[in-house]
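Note sheet for the following structure.
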Amino acid sequence: MGKVLYYVASSLDGFIATEDHNLDWLLAFGFEAFQSHYDQFLAGVGSLVMGSATYEFVRRQEPGSWAYGELPCRVLTRRSLQAPRTAACASTPETFGVSALTQ
């Protein structure tokens, strides 16, 4: 049995994005000081699950690349989204159980 880790950056008031669905506030802090810890964490991850807004934000930040390499990724959406060439991404309906992630 695998384990599920919920990893998210949020503001002190508990929000992930601004009212206009923007994540730019997060980029203001930079990543250099945390990169080695993040890389170590990501090395132990077997697959990703993210919402479509986060997925689209990541794609907009680096349109020609995919920060997660070949790590399997499920995007929670009802729409069909274009996957990066280097990633194994799949769209998944928003209503699913955690057991669906192991299939």
Side-chain angles (χ1 to χ4, degrees):
M1 165 78 71
K3 60 182 172 182
V4 175
L5 297 174
Y6 180 66
Y7 177 82
V8 66
S10 69
S11 59
L12 290 175
D13 56 1
F15 290 96
I16 298 170
T18 60
E19 288 183 16
D20 63 347
H21 309 289
N22 196 322
L23 296 171
D24 285 341
W25 67 270
L26 183 58
L27 301 177
F29 296 101
F31 289 100
E32 294 79 24
F34 311 104
Q35 192 64 53
S36 64
H37 296 287
Y38 181 72
D39 292 342
Q40 184 178 4
F41 166 76
L42 204 55
V45 171
S47 64
L48 299 169
V49 178
M50 65 179 69
S52 61
T54 300
Y55 173 79
E56 290 172 322
F57 176 81
V58 170
R59 294 296 310 271
R60 278 193 311 272
Q61 293 304 304
E62 298 180 35
S65 67
W66 178 242
Y68 304 104
E70 295 182 15
L71 195 59
C73 174
R74 294 272 183 161
V75 178
L76 308 180
T77 184
R78 296 177 194 269
R79 299 175 288 139
S80 178
L81 299 173
Q82 181 68 39
R85 287 188 305 256
T86 61
C89 288
S91 297
T92 303
E94 289 179 314
T95 54
F96 71 97
V98 172
S99 61
L101 299 177
T102 61
Q103 298 175 1

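Positions are given from 1, in the same order as the sequence printed here. All values reported here derive from a predicted model rather than from experimental measurement.
- To the nearest 0.5 angstrom, Leu48 atom CG is 6.5 Å from Tyr68 atom OH.
- Under a hydrophobic clustering in which Ile, Leu, Val, Met, Phe, Trp and Tyr are joined whenever their side-chain heavy atoms come within less than 4.5 Å, directly or via other members, Val75 and Leu5 fall into the same cluster.
- To the nearest 0.5 Å, atoms OH (Tyr7) and CG (Leu42) are separated by 8.5 Å.
- To the nearest 0.5 Å, atoms CZ (Phe57) and OG (Ser52) are separated by 14.0 Å.
- Between the CD atom of Glu56 and the CG atom of Leu23 there is a distance of 11.0 Å, given to the nearest 0.5 Å.
- In terms of heavy atoms, Pro72 sits closest to Gly46 at CD-O, 3.5 Å.
- Taking CZ of Phe29 as the start and CG of Leu26 as the end, the distance is 7.5 Å to the nearest 0.5 Å.
- Residues Met50 and Cys73 are in side-chain contact: their nearest non-hydrogen atoms beyond the backbone lie under 4.5 Å apart.
- Thr77 contributes atom OG1, which lies 10.0 Å from atom OH of Tyr55 (distance to the nearest 0.5 angstrom).
- At a threshold of 4.5 Å between non-hydrogen side-chain atoms, the residues Val58 and Trp66 count as touching.
- A 6.0 Å sphere centred on CZ of Phe34 holds no more than 12 heavy atoms belonging to other residues, nucleotides or ligands.
- Phe41 is not listed as a side-chain neighbour of His37, based on a closest heavy-atom distance of 4.5 Å or more.
- At most 12 heavy atoms of other shown residues, nucleotides or ligands fall within 6.0 angstrom of atom CD in Gln40.
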